[in-house]
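Everything on this sheet refers to the single structure shown next.
Start at 1 and go down the list; that is how both ligands and their atoms are numbered. Since the model is a prediction, treat every value here as computed from it, not as a measurement.
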Amino acid sequence: MNRVIYFDNNATTRVSPEVKEAMDLFLTELYGNPSSLHQFGGQVKRHLDEARARVARLLGCSPEEIIFTSCGTESDSTAIYSALNAYPGKKHIVTTTVEHPAIYNLCKYLEKQGYRVTYLNVDENGQLDLEELERAITPETAIVSIMWANNETGVVMPVEKAAEIVHEKGVLFHTDAVQAAGKIPINLQASRIDLLSISGHKLHAPKGVGVLYVRQGTRFVPFLRGGHQENGRRAGTENVQGIIGLGKASELALANLGKEQSYVSNLRDQLEKGLLARIPNIRINGAQAERLPNTLSVSFEFVEGESILLLLSDYGICASTGSACSSGSLEPSHVLQAMKIPFTFAHGTVRFSLSIFNTEEEVAYVLDILPGVIKRLRDISPFSTANSAH
Ligand SMILES: *Cc1c(COP(=O)(O)O)cnc(C)c1O
């Protein structure tokens, strides 16, 4: 493949060169087991603790509150199961209709296991009603899980306010912050959030490493049992090089937060404005809500998102329909359905997700290519009258 224009950073990100460099030593020379009693292993333990401190700085918490896991999905599952096992009398979960499958499909499964789940609705901008949240909590509720930012639309949820409401009721609050971390500021110390998930490969660290934050004093039941790693909270020999990478990536993400808010959001806005100016009959999903600086979800009426992606792929442009996890099905994503995006638009949805590695030139290239792609597809669409308006 020749040139790759990578606008799919909500699916996964490139490992930063500095991250790779930091990791290399732990594959070749510092390969000891951090649990070993010899000094060779002991020095690895010290590097693990440094990585823990770096992640804690990104999240505004203390290092003891960080548990390293294998991915965002494991962190999400651990949080939910921990609450259910810590409060075995409570059989109710509150979440939303727009969660990532890591929470959504887990909750669907737990319903079959006899738990009751309340899925909070969102409005057409993907926003929650906090009064509905308050009403949903009962004495039976074990945990409330609300994502910080949506992976498909980038819509940011008011999780700090939600956490206060939930805390008032004496219920645990978890947030899936996989898309938020490194893109918007997070300060857990100043919040009432009890549990929070992040994933390395969404912030320029490698795949296969994640974090679960557990607030000090929170009742916690481990998901994996075995050795005493992670203070007895997550058994299994640590993914040392992945953790070192995530530590470095967290340090860089903290330093680059300003760049996300200015450089990346400026690129996203150029793309958004350019598309609106060049292509008729499109809509920007979540445009009226607070959004992540890097995410643009756009629906093109009367075309198939998958067809757009295939044609873009011929030009080396990588994007997503926003619902990688439901691809293969004819249904529009559960997120777009929850937002009541009209059917003729929802099917033609493409998610562009940018990063600090993208350039203005790449945005200009996409703006050059995409109008032609949409015109070609609309010309062969049996439903389309959109082009005649032009
Ligand atoms: C990617 C993603 C996950 C899953 O993370 P993995 O590390 O791939 O398991 C969970 N939640 C959200 C919002 C995500 O975007």
Side-chain angles (χ1 to χ4, degrees), residues 6-15 19 55 59 66-81 95-109 119 122 126 128 145-157 159 162 174-184 186 193 195-213 223-224 234 236 239 241-243 245-246 249-250 253 260 285-286 289 291-297 318-327 333-336 338-339 351-355:
Y6 191 74
F7 279 6
D8 200 10
N9 286 278
N10 287 9
T12 196
T13 59
R14 169 185 173 180
V15 172
V19 169
V55 174
L59 300 180
I66 298 293
I67 302 174
F68 288 112
T69 67
S70 69
C71 59
T73 302
E74 183 192 325
S75 300
D76 284 347
S77 268
T78 304
I80 302 293
Y81 277 110
T95 185
T96 78
T97 50
V98 296
E99 296 299 308
H100 185 274
I103 290 290
Y104 193 78
N105 288 342
L106 174 64
C107 286
K108 289 283 170 200
Y109 170 76
Y119 300 90
V122 296
L128 273 186
S145 180
I146 297 173
M147 71 196 325
W148 199 312
N150 186 269
N151 45 298
E152 293 188 28
T153 59
V155 169
V156 175
M157 299 281 202
V159 287
H174 167 255
T175 182
D176 177 336
V178 171
Q179 291 296 344
K183 294 174 189 154
I184 53 176
I186 293 179
I193 294 163
L195 300 141
L196 169 144
S197 306
I198 74 172
S199 172
H201 75 102
K202 304 287 174 77
L203 57 123
H204 306 292
K207 295 161 186 66
V209 62
V211 159
L212 178 64
Y213 156 86
F223 189 55
L224 290 185
R234 197 277 186 183
N239 172 5
Q241 67 278 5
I243 291 170
L246 181 49
S250 297
E260 285 283 341
N285 300 312
R291 278 180 298 163
L292 292 174
N294 81 316
T295 307
L296 174 62
S297 169
C318 305
S320 161
T321 52
S323 56
C325 305
S326 61
S327 61
S333 88
H334 68 288
V335 175
L336 299 174
M339 290 166 71
R351 177 190 71 191
F352 297 96
S353 47
L354 285 61
S355 84

What's the spacing between Leu354 CG and Asn294 CG if we round to 0.5 Å?
-> 6.5 Å
Would you say the side-chain atoms of Glu74 and Ser77 include a donor-acceptor pair closer than 3.5 Å?
-> no
Run the numbers for me: atoms of ligand 1, each under 4.0 Å from some heavy atom of His201, listed by number.
-> 6 (P), 7 (O), 8 (O)
Among all protein non-hydrogen atoms, which one is nearest to atom 6 (P) of ligand 1, and what is the separation to 0.1 Å?
-> Gly72 N, 3.5 Å
One finds that the ligand 1 atoms under 4.0 Å from a non-hydrogen atom of Lys202 are 1 (C), 2 (C), 3 (C), 14 (C), 15 (O)
Could you list the atoms of ligand 1 found under 4.0 angstrom from a heavy atom of Asn151?
-> 13 (C), 15 (O)
Anything under 30° is parallel, anything over 60° is perpendicular, the rest tilted; go ahead and classify Phe223 against Tyr81.
-> parallel
the protein heavy atom lying closest to atom 11 (N) of ligand 1 turns out to be Asp176 OD2, 2.6 Å
For Gln179, take its heavy atoms, then give the atoms of ligand 1 lying under 4.0 Å from any of them.
-> 13 (C), 14 (C), 15 (O)
State whether a side-chain donor-acceptor pair under 3.5 Å links Lys202 with Thr12.
-> no
Report, in ascending order of atom number, the atoms of ligand 1 lying under 4.0 Å from any heavy atom of Cys71.
-> 6 (P), 7 (O), 9 (O)
Strictly by modelled atom types, are Lys183 and Asn9 linked by a side-chain donor-acceptor pair under 3.5 Å?
-> no
Region of Lys207 engaging ligand 1 - heavy atom pairs below 4.0 Å | neither
N or O pair under 3.5 Å between Val178 and ligand 1 | no
In terms of its nearest heavy atom to atom 7 (O) of ligand 1, the top option of Gly210, Gly208, Ser199 is Ser199
Heavy-atom distances under 4.0 Å are what count here, so tell me which part of Glu74 touches ligand 1: side chain, backbone, both or neither.
-> neither
Kindly compute the distance separating CG (Leu224) from OG1 (Thr78), expressed to the nearest 0.5 Å.
-> 6.5 Å
Interatomic spacing from CG in Leu106 to NE2 in His100 - rounded to 0.5 Å | 12.5 Å
Indicate, as side chain, backbone, both or neither, the part of Thr73 found under 4.0 angstrom from ligand 1 when only non-hydrogen atoms are considered.
-> both
Identified side chain to side chain donor-acceptor pair (under 3.5 Å) partner of Glu152 from the options Ser320, Ser333, Ser297 = Ser333
